[in-house]
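Step one of this worksheet: look at the structure below.
Because the structure is predicted, anything quoted here is derived from the model rather than measured. Side-chain atoms are counted along with the backbone in the values below, which use heavy atoms only and exclude waters and symmetry mates.
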Amino acid sequence: MTQDQTNTSAHKTPPTATGRTCWVIPDGYIPPDSSGSLESHESICVLNTGTTDAQLQITIYFEDREPLEDIVAVVPARRTKHIRTASLKSGEQLIPPGVPYAITVSSNVPVIIQYSRLDSTQPELALMSVMAFPLG
């Protein structure tokens, strides 16, 4: 094996954290209804490529009420996690279905965040997936 081959091998490169530490998702909406066997839902999809667990702080913002704050999630090192927004709690408060909201996610280490929505309110379901907006 040549020196160039050794330096480019994926197995020889130590894992590093990639991404950003602050993300924004301005369009959230949990569809209130489902049809068929698939449940309408949204997910924050997080990839942690680093060697340290990612401690996430999530805040949910609304048009007409105070935000849901102090929501914590952990994504283990070198793992991915899909966090359903309907499962997020601040105290006993949940995100109500059928209400527009936005999300900020802060992390102690760089992560990559994608956002997905499955709308199965009609038989011709729709799946949307977008990258969150990175800030820091």
Would the distance check show the side chain of K81 and the main-chain N or O of P76 forming a donor-acceptor pair, the cut-off being under 3.5 Å? no
Under the rule for side-chain contact (heavy atoms from CB on, under 4.5 Å), what residues qualify as partners of T59, not counting sequence neighbours? Y61, P67, E69, T104
Measure the spacing between OG1 of T18 and CD1 of I112 and express it to the nearest 0.5 Å. 3.5 Å
Are L94 and I103 linked, directly or through other ILVMFWY residues, by side chains that come within less than 4.5 angstrom of each other? no
Applying side-chain contact (heavy atoms from CB on, under 4.5 Å), run through V99 and R65 and close with a yes or a no. CA-CA 11 Å; V99 173; R65 63 187 85 182; 4.0 Å; yes
With rounding to the nearest 0.5 Å, note down the distance linking CD1 in I95 to CG in L88. 5.0 Å
Evaluate side-chain contact (heavy atoms from CB on, under 4.5 Å) for I44 paired with L56, printing each intermediate quantity in order. CA-CA 11 Å; I44 303 168; L56 306 181; 5.9 Å; no
What pair of heavy atoms forms the shortest contact from V46 to V111, and how long is it? CG1-CB, 3.9 Å
Minimal non-hydrogen separation, V75 against N48, with atom names: O-ND2, 3.1 Å
Distance in Å, S43 OG paired with I113 CD1, rounded so as to fall on 0.5 Å steps: 12.5 Å
If you define the side chain from C-beta out and look only at heavy atoms, does anything of I71 sit under 4.5 Å from K89? no
Are the side chains of W23 and S107 in contact, using a 4.5 Å heavy-atom criterion? no
Any donor-acceptor N/O pair, T49 side chain to T16 backbone, under 3.5 Å: yes
Does R78 CZ have over 12 foreign heavy atoms under 6.0 Å away? no
Can you sort out the partners of Q93 under side-chain contact (heavy atoms from CB on, under 4.5 Å), two or more places apart, ordered by chain and number? L68
What heavy-atom pair brings D27 and Y115 nearest, and what distance separates the two atoms? O-CE2, 3.5 Å
Does V72 offer a backbone N or O that forms a donor-acceptor pair with the side chain of Q55 under 3.5 Å? no
By side-chain contact (heavy atoms from CB on, under 4.5 Å), A17 pairs with (sequence neighbours left out) P110
